[in-house]
Amino acid sequence: MASLTVPAEVPSVAEDCEQLRSAFKGWGTNEKLIISILAHRNAAQRKLIRQTYAETFGEDLLKELDRELTHDFEKLVLIWTLDPSERDAYLAKEATKRWTKSNFVLVEIACTRSPKELVLAREAYHARNKKSLEEDVAYHTTGDHRKLLVPLVSSYRYGGDEVDLRLAKAESKVLHEKISDKAYSDDEVIRILATRSKAQLNATLNHYKDEYGEDILKQLEDEDEFVALLSATIKGLVYPEHYFVEVLRDAINRRGTEEDHLTRVIATRAEVDLKTIANEYQKRDSIPLGRAIAKDTGGDYENMLVALLGQEEE
């Protein structure tokens, strides 16, 4: 379930634009007004606000926000205001610029989005960067990381619920043999993970556990970075809420909050399943996600995060 809250009666887009314009004028920026508008509009409404703002004032709203806001609050508002496919394209581009640790962001985009969302992200990447996501991923990665990531970001999986149980049985055997032999980057392992539908993979992994008495993820613990990437791939495809809970726990509970990870998860999941993720987080850590965020952040950044979480009045 999404956590985004949109008023029952939304002001006209012209009024939203006028209010945002006023937030940028005068002595200081009215951050509270910006949050009250942008944190409570869905993707279609935000896109229309951007278009209308440019037509009315001859200014790019994103550039205005960039000029007026600072630090983590600025990054969160900018990422949130982007169209979802633009946002994924931006996040993917940033990931290709950094060290291998950012490969987890590429796995996240490839595995937790729907097939159509991933196609739209690739199209947005084309438009923004005048090159393909696949070529950048291939250029900026090497070895086993490249072998896994390129087919993942290139994938167009079947999105339906139908499964082939005989295939699930056969491919669970293949996975068990390869994982037991620690052949983690074997072509067959990558083929199965990069091409099968999420429903089919779920059936395969259920059969794996029933047949061999162990969750495949247990066999991928305490290994190297590539195996951690493989584990993240499986979690993102089959257990996305659990995957995001782990990212949030790592971001919040470490010594010094990892704001980039926190920002990314809240901004990308608020319109998708953030309420479900928050419920799973509370089950895991016995503390509401909103309270955990409030303990580790502050100011306008905290206010925007909590607004997107739908917990402003708690």
Side-chain angles (χ1 to χ4, degrees), residues 72 74-115 117-129 131-155 157 190 193-194 198 220 224-254 256-274 277 305 308:
D72 295 316
E74 173 196 357
K75 184 176 290 187
L76 174 59
V77 173
L78 287 173
I79 290 175
W80 168 250
T81 305
L82 289 170
D83 187 73
S85 59
E86 285 183 286
R87 182 193 302 136
D88 280 344
Y90 167 79
L91 292 169
K93 183 62 177 177
E94 290 298 300
T96 63
K97 297 176 182 177
R98 301 179 183 179
W99 300 105
T100 55
K101 196 73 175 173
S102 66
N103 288 340
F104 287 90
V105 178
L106 297 171
V107 165
E108 184 177 302
I109 293 168
C111 297
T112 66
R113 298 344 183 219
S114 71
E117 287 168 344
L118 182 54
V119 168
L120 291 174
R122 289 204 296 265
E123 291 175 352
Y125 197 98
H126 269 254
R128 287 176 67 95
N129 302 298
K131 61 178 83 173
S132 73
L133 174 58
E134 297 90 326
E135 70 177 292
D136 270 355
V137 170
Y139 181 75
H140 290 283
T141 56
T142 58
D144 289 342
H145 285 74
R146 178 191 289 166
K147 188 175 180 180
L148 174 65
L149 287 168
V150 172
L152 281 180
V153 300
S154 307
S155 180
R157 303 172 192 273
I190 291 174
L193 295 180
K198 295 181 180 184
L220 297 175
D224 63 19
E225 190 172 279
F226 175 75
V227 179
L229 203 64
L230 204 64
S231 179
T233 298
I234 294 170
K235 291 173 187 174
L237 287 166
V238 185
Y239 316 109
E241 289 85 4
H242 294 166
Y243 165 82
F244 283 115
V245 167
E246 289 189 11
V247 175
L248 287 170
R249 292 182 78 244
D250 184 58
I252 294 170
N253 296 342
R254 66 167 53 206
T257 306
E258 181 56 77
E259 285 84 1
D260 282 354
H261 296 332
L262 180 57
T263 292
R264 187 182 75 250
V265 174
I266 298 299
T268 60
R269 308 314 291 182
E271 292 181 272
V272 185
D273 55 2
L274 188 54
I277 293 167
L305 289 167
L308 291 176

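Bear in mind the structure is a predicted one, so any value in this text is a computation, not a measurement.
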Ile266 side chain reached by Leu262 side chain, heavy atoms, under 4.5 Å: yes
Short side-chain to backbone donor-acceptor contact, Arg146 and Thr141, under 3.5 Å: yes
CD-OG1 distance between Glu86 and Thr81, expressed to the nearest 0.5 angstrom: 10.5 Å
Distance-minimising heavy-atom pair for Val153 and Leu106: CG1-O, 4.4 Å
Point-to-point distance, once rounded to the nearest 0.5 Å, from CG of Leu149 to CG of Leu229: 5.5 Å
Minimum side-chain heavy-atom gap Tyr243-Val107 below 4.5 Å: no
Leu133 side chain near Ile109 side chain, heavy-atom distance below 4.5 Å: no
side-chain contact (heavy atoms from CB on, under 4.5 Å) between Glu259 and Lys75, worked out: CA-CA 10 Å; Glu259 285 84 1; Lys75 184 176 290 187; over 6 Å; no
Whether Arg87 side chain and Ile79 backbone form a donor-acceptor pair below 3.5 Å: yes
Note, Tyr139 side chain near Thr96 side chain (heavy atom, < 4.5 Å): no
Between CG on residue Leu148 and CD1 on residue Ile190, distance to nearest 0.5 Å: 5.0 Å
Closest heavy-atom pair and its distance - Ile277, Phe244: CD1-CB, 3.7 Å
Minimum heavy-atom distance between Arg264 and Val105, given as atom pair plus value: NH1-CG2, 3.7 Å
Interatomic distance, Glu108 atom CD to Asn103 atom CG [nearest 0.5 angstrom]: 12.5 Å
Any donor-acceptor N/O pair, Ser231 side chain to Val227 backbone, under 3.5 Å: no
Intermediate values then yes/no, side-chain contact (heavy atoms from CB on, under 4.5 Å), Asp88 and Leu120: CA-CA 9 Å; Asp88 280 344; Leu120 291 174; over 6 Å; no
Backbone of Lys131 reached by a side-chain donor or acceptor of Asn129 within 3.5 Å: no
Heavy-atom closest pair, residues Glu117 and Ser114: OE1-N, 2.8 Å
Donor-acceptor pair, side chain of His261 and main chain of Val247, under 3.5 angstrom: no
Exercise: identify the closest heavy-atom pair between Ala124 and Ser85: CB-O, 3.5 Å
Flag side-chain contact, heavy atom, 4.5 Å: Lys93 against Arg128: no
4.5 Å side-chain heavy-atom contact, Thr268 and Leu91: yes
Side-chain heavy-atom pair Arg122, Val119 within 4.5 angstrom cut-off: yes
Reported NZ-to-SG distance for the pair Lys198 and Cys111, which is rounded to 0.5 angstrom: 7.5 Å
Backbone of Ala194 reached by a side-chain donor or acceptor of Ser155 within 3.5 Å: yes
Sidechain N-carboxylate O distance under 4.0 Å for Lys97, Glu94: yes
Exercise: identify the closest heavy-atom pair between Ala270 and Trp80: CB-CZ3, 3.8 Å
Value rounded to 0.5 Å, distance of OH in Tyr125 from CD in Glu134: 9.5 Å
